[in-house]
Amino acid sequence: MSERTEIQRMRELEDIVEYHSRKYYVDNAPEISDFEFDALLRELQELEAKHPDEASPNSPTKRVGSDITNSFKSVEHRYPMLSLANTYSSEELGEWIDRITKEIGEVEFVAELKFDGTAISLTYEDGALSRAVTRGDGRRGDDVTDNVRTIATIPLRLTGEGYPSLFEIRGEIYMPYASFDRLNTEREAAGEPLLANPRNAAAGTLKQQSSQVVARRGLDCTLYHIAGDNLPASTHYGNLMEARKWGFPVSNHIKVCRSRKEIEAFIAYWDTERKSLPYATDGIVIKVNDYAYQRTLGTTAKAPRWAVAYKFQAERALTRLRSVDFQVGRTGAITPVANLDPVQLAGTIVKRASIHNAQQIAALDIRLGDMVYVEKGGEIIPKITEVELSERPADSEPFEYITHCPECGSELVRYEGEAKHYCPNATECKPQIIGRISHFVSRKAMDIEGLGGETIELLWENGMLRDIADIYSLDPIQLAALPRLGEKSAANIMEGIRRSKDVAFERLLFALGIRFVGETTAKYLAGHFLSLDAIARATTEELAEAEEVGAKIAVAITEYFRDEHNRNIVERLRDAGLHFEAAERVLTSEALMGKSVVISGKFSGRSRDDMKALVEAHGGKCLAAVSANVDFIVAGENMGPAKLQKAEKLGITILNEEAFMALISHDEARATTAESAVKQDIVDTPIQGRLF
Ligand code: IVH
């Protein structure tokens, strides 16, 4: 392709990729497979790498994130970012409505959900996202544009018409529960502290230094306020509806209300229904709809007078704290857990609550026997938020935090910069050993079925399992002889162990349970170093060169391999025959080396994905769209007429399934490379009447 056509193709791809990305993320109605999407995205990335000066700052490839480190620039807001006045009861809300009606008479209100995330202000110039700024102190915020570009539902370029050439649109960036849960599962597996709730997770993610990290975290956004001149409508609601047409994610749960009764009905409905939403909300926002009335009402220094938040009652209950247990995790981290008098809270009975660490106990001055408030926010388990001091028993004494491990008696240690206490006895402390073995056998690690927590404990108690390497010398006869196990379970476990020897290297690396080495980090490490020996040999500096591996992780890895006990385990795992090296992609043949292929239509014997896998297995590359880059097309039934026309116009060879199979077969008599196949005209097998 000439340079000009490549640049044209880049522009074309920007639109195509943006279109399909919206279909997938915003409309939930994808028109192409993930595979095809990836191919388009890759094609665009390759062209951008070739012509970096021509790459658009709003290219959809920016959503993938870059690894350039952000140091956030502080920028001034064009219009200050105000907060909202809160109301907590129907009476307070009634007073607010009365004040407005008194000042301007009957007005229309708009009731919306109050999203529990972190505020963002987006600037669009000539229909393109130019800046994204956090609230900061309301006057100045951090420029987080690179990170915000990775959020798939935020349009990089607008569609439709009628948007002003310059305007700001504000909203909330939030982390849906699904992303939050996934993130915490990953953090738990990596032995990292869990994030408290989706709001903190969203705010923390937005301030990440690498936008690649942001891209993976699954943030979302909703927009609820537009500021600028020449807006198409004179009402808040009218403009939000226009904004939706321009491609902005605007909530569907918005209602124009004409009376207090309608507002209250909206609140009552969402007070219950919000529990089934996939994201956290903490109230309802009520706004005066008409801009002219908004102007009349004006603002205070902190908040507009034309809007108010009605906060949902945080679901909390008052109960007595009986005792505190201390749990020891697989990393040795100590977590205090409160035992409470059972109390009803948000539909469940709560008996236990988390208290994060010693500092938290001291900060809230929590004492045994206190009446405490427990709350369920977006949090995973309820937590103690406050002590009811008026009910404190006269003889109560400050809480004394433990100094020794409740399981093995070792003296606890604190690491610099960490709030938690740790038990340092990694090799003998039972919950740490059982936790590490449970992690090793878990589904995302070695995936050994049949070895659940209870069985591991049983084996430990019987002296058959002291560390992860012992798994590979378990004896089936001894196993079957254990109470509660029997021959069938023993055979299942042995089969699971046998199969685990095929598990890929990166999963073994994750399974080892090195601190901070989660699933993703393990993949990056495996891809970078290719073998466990190379990782074990690497210096901290070399480790930190791998993508996604910071100093903290690098230190944890070197410490792991410095430990003699760990080295011994690793050697025994090697003897067991586990994969210590990354599998190289083995090509079936090089018949399609350097060829770009489009797979189109339906095939009789294979799925389209199978066909694509075949292309790659033979060294070829699959592209989604027909362009001058394509060497040939493999056409099944129902190839789209547009594609066909384009292929004909560009003079691209079209193969049917049979001809393609012949091409990649090892039959020397026919052809071994695409080049000679095309020359030999095996393509001439006629299919569907007229394809050539
Ligand atoms: S309107 C001048 N609408 O709640 C208009 N805010 O506690 C100000 N929030 O700062 C914002 N959902 O970060 C508005 N539907 C919604 C909202 C919303 C969440 C946030 C926003 C605001 C904070 C105030």
Side-chain angles (χ1 to χ4, degrees), residues 77-88 92-93 96 100 109-122 132-142 144 148 151 153-154 167-176 197-203 206-207 219-228 231 235-237 239-241 243-244 248-257 263 266-267 269-271 273-274 277-291 293-312 314 377-378:
H77 291 295
R78 277 190 198 86
Y79 317 91
M81 270 181 97
L82 298 177
S83 175
L84 287 174
N86 286 328
T87 59
Y88 294 91
E92 279 182 80
L93 178 67
W96 179 78
I100 286 176
F109 294 97
V110 179
E112 306 169 5
L113 295 178
K114 187 168 184 312
F115 285 75
D116 200 7
T118 182
I120 193 77
S121 180
L122 310 173
V133 187
T134 62
R135 182 220 293 277
D137 63 5
R139 303 170 59 88
R140 303 181 70 84
D142 277 346
V144 289
V148 163
I151 301 172
T153 46
I154 295 183
F167 69 99
E168 277 189 47
I169 185 159
R170 293 176 174 178
E172 206 80 354
I173 287 179
Y174 60 92
M175 185 175 281
N197 55 46
R199 179 183 359 102
N200 291 352
L206 206 55
K207 295 287 182 73
L219 291 179
D220 209 334
C221 177
T222 184
L223 296 159
Y224 46 63
H225 180 76
I226 310 186
L231 293 170
T235 60
H236 168 65
Y237 187 80
N239 280 324
L240 282 190
M241 294 308 114
R244 191 184 278 152
F248 287 113
V250 172
S251 171
N252 285 321
H253 310 312
I254 300 186
K255 191 172 187 300
V256 176
C257 296
I263 296 173
F266 187 87
I267 293 175
Y269 177 81
W270 282 110
D271 202 357
E273 280 307 305
R274 72 189 179 108
L277 290 171
Y279 43 77
T281 54
D282 62 342
I284 297 292
V285 182
I286 304 109
K287 301 172 182 172
V288 168
N289 193 16
D290 205 306
Y291 284 159
Y293 294 143
Q294 287 189 2
R295 275 193 295 273
T296 313
L297 290 161
T299 71
T300 68
K302 278 201 207 132
R305 285 201 186 84
W306 47 263
V308 77
Y310 173 90
K311 297 278 281 222
F312 293 130

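Order of listing sets the numbers, starting from 1, for every ligand and every atom in it. Note that these values count all heavy atoms, side chains included, but never hydrogens, waters or copies made by symmetry.
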Considering only heavy atoms, which protein residues lie less than 4.0 Å from any atom of ligand 1? L82, L84, E112, L113, K114, F115, A119, R135, E172, Y224, V285, K287, P304, W306

In this structure, is the centre-to-centre distance between the rings of F109 and W96 below 6.0 Å? yes

Can you tell me how far apart CG (D116) and CZ (R274) are? Round to the nearest 0.5 Å. 9.0 Å

Got more than 12 heavy atoms from elsewhere within 6.0 Å of OH, Y293? no

Quick check against the 3.5 Å criterion: does R199 have a side-chain atom that pairs as donor or acceptor with the backbone of F115? no

Which residues share a salt bridge (charged side-chain N to carboxylate O under 4.0 Å, His left out) with K302, sequence neighbours left out: none

Short side-chain to backbone donor-acceptor contact, H236 and I226, under 3.5 Å: no

